[in-house]
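One structure is given below, encoded as structure tokens.
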There are 2 protein chains.
Amino acid sequence: MSKTAGSPLNPISSITMTDQAEQRLREYFISQGYKIGDALPKEIELASELGVSRSVIREALSRLRMLGMIDVRKRRGTILTEPDVLSGMERILELNFLGKETLKRLFEVRLMLEMGLGEFLFNRIDDQHLQKLDGIVKEEELTGDKARLIQLDITFHATLYEITGNPVLIRFQEMLQPIFQYVLDYRAEIHQPGTAPEVTHQDLLDILKNGNAASFREAMKNHFEHHFQLIT
Amino acid sequence: MSKTAGSPLNPISSITMTDQAEQRLREYFISQGYKIGDALPKEIELASELGVSRSVIREALSRLRMLGMIDVRKRRGTILTEPDVLSGMERILELNFLGKETLKRLFEVRLMLEMGLGEFLFNRIDDQHLQKLDGIVKEEELTGDKARLIQLDITFHATLYEITGNPVLIRFQEMLQPIFQYVLDYRAEIHQPGTAPEVTHQDLLDILKNGNAASFREAMKNHFEHHFQLIT
DNA sequence: GACTAAAAACATGTAGAACATAAGTATTTT
DNA sequence: AAAATACTTATGTTCTACATGTTTTTAGTC
């Protein structure tokens, strides 16, 4: 029986004892009702209970440590901590090894998020935010520097995220920013005079000052019109 | 000088050589212009170059392996692979160790996403989806079982995500689902007859059939009205 | 020479011992 | 009782050894 090359049934990279140990540890935390702050057994005990060597346990614990699930201190042992929900993604996005398909999907998520910002902006915006946006829009009108315009575009949208005051969201946006730089470059490209008119940052800002969430949603939709036209 | 208890300046858990090795490896991938499919040097060589033992390198590689950045095979060595952007978050959400603040922020993100779904739904919905939603809505009208209603509510919204055909988004929603079960319970609670009328699933479905993205956005906003009222 | 089967070489996977290091704990000293 | 000291302990790191599964090489057969 011959094996088809490139078959969808690739030989799964062998599941190592470390993989299993990591999974068993996570299951163990849940089944034992562990809570944040609780202390774990010693490495040797864990190794003994799982029937593996200390090396394996340490590799597994090292993974959990990276995710911020545990905090290990000499002599004191290991304690459970509140993990950083974005830690893994941050490392991955920094690497910039994602394929085109995934990037496309992430960009779609980004568009959805910005379309949903409205409800939160009007509840949380303050004068400081408005001043910052004012400054950005004013400089956009004055400058002729293309690179600067791109920078200002990024900052404008980043500021919108900031207004929500949602740290998870803000950090997520910061992580995506460098990845979608090229999209913004492209966006700046088509913003040439002569292109069809659209809702500008100035328009969005006016709505933030005098409008409401509903009008902001529609404006945002128009502001992103070009991106939505590319949806397949 | 006494140390304030619970001070914001907690002693940072010592940065181990494994932590450094992991970071150095990621930087190394970037600086050396590695691409997916490229092979890494042997563990011993990496250890030698970083001046650490093989154990330390293996703990670092084990972390990268968990994120799907590398694929290690016996004898063949390690090759770079496209990482799974959600792998880390998936493990963390499964654990359910997140604090109230983070959960609140994640729920806000979820609300934003659903508010932004509209543009994508109308481009990608097909008859199969409509039939599924029809079935859900019909059963919602018939059943009196509260638990079943909650289940149907979850399924309705999950189906909306499915329609986008965005795997990253769909998986993200699936990951969050068990975490926000309690929110849905609460939502079902306030959906008692007598409560203020609002946009129902039937209404949303009608819009998906005959409406457009703009009307869907407004409908979604009304559907979530109660949640938005809780925004501070 | 071409194909097949056995053998060797090899990198990772796992185990285990040993020691270093930091942080509690107990003991002694004043 | 307070402070200095020695001791104990669990993790951090290194090293050695061997198992395991692939790849490559060699040997063998037709």
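So that the names make sense, note that chain A is the first sequence line, chain B the second, and so on, each numbered from 1. This is a predicted model, so every value here is computed, not measured.
Note on A/Thr18: a side-chain N or O is less than 4.0 Å away from OP1 or OP2 of C/dT14. Between B/Thr78 and C/dA11, a side-chain N or O to OP1/OP2 separation shorter than 4.0 Å is absent. Contact check, B/Ser53 against D/dT14: a side-chain N or O comes under 4.0 Å of OP1 or OP2.
Across the interface with DNA chain C, nearest-nucleotide mapping of A/Glu59 and A/Arg76 shows A/Glu59 to be the residue nearer the 5′ end. For A/Lys74 and A/Val52, each mapped to the nucleotide of DNA chain C holding its nearest heavy atom, the one lying further toward the 5' end belongs to A/Val52. For A/Arg58 and A/Arg75, each mapped to the nucleotide of DNA chain D holding its nearest heavy atom, the one lying further toward the 5' end belongs to A/Arg75.
To the nearest angstrom, P of D/dT11 lies 16 Å from CG of B/Asp19. In this structure, A/Ile70 places its CD1 atom 14 Å from C1' of D/dA10, rounding to the nearest Å. Put simply, CD on A/Glu43 is 13 Å from C1' on D/dT9, counting in whole angstrom units. Between A/Asp71 atom CG and D/dG12 atom C1' there is a gap of 14 Å when expressed in whole angstrom units.
Using a 4.0 Å heavy-atom cutoff across all strands shown, A/Ser55 reaches at least one base atom of the nucleic acid.
By the 4.0 Å N-to-carboxylate-O rule, A/Glu108 lies close enough to A/Arg105 to be salt-bridged with it. In summary, B/Asp84 and B/Arg171 engage in a salt bridge, as defined by a charged side-chain N under 4.0 Å from a carboxylate O. Taking a cutoff of 4.0 Å between a charged side-chain nitrogen and a carboxylate oxygen, B/Lys42 and B/Glu45 qualify as a salt bridge.
No hydrogens or angles were tested; on distance alone, nothing pairs the side chain of B/Arg73 with the base of C/dA11 as donor and acceptor under 3.5 Å. Applying the 3.5 Å distance criterion, the base of C/dG13 shares a donor-acceptor pair with the side chain of B/Arg54.
For A/Lys42, taking side-chain heavy atoms from C-beta onward, the closest of the listed nucleotides C/dG13, D/dA10, D/dT14 is D/dA10.
Between A/Leu169 and B/Met112 there is a side-chain heavy-atom pair separated by less than 4.5 Å.
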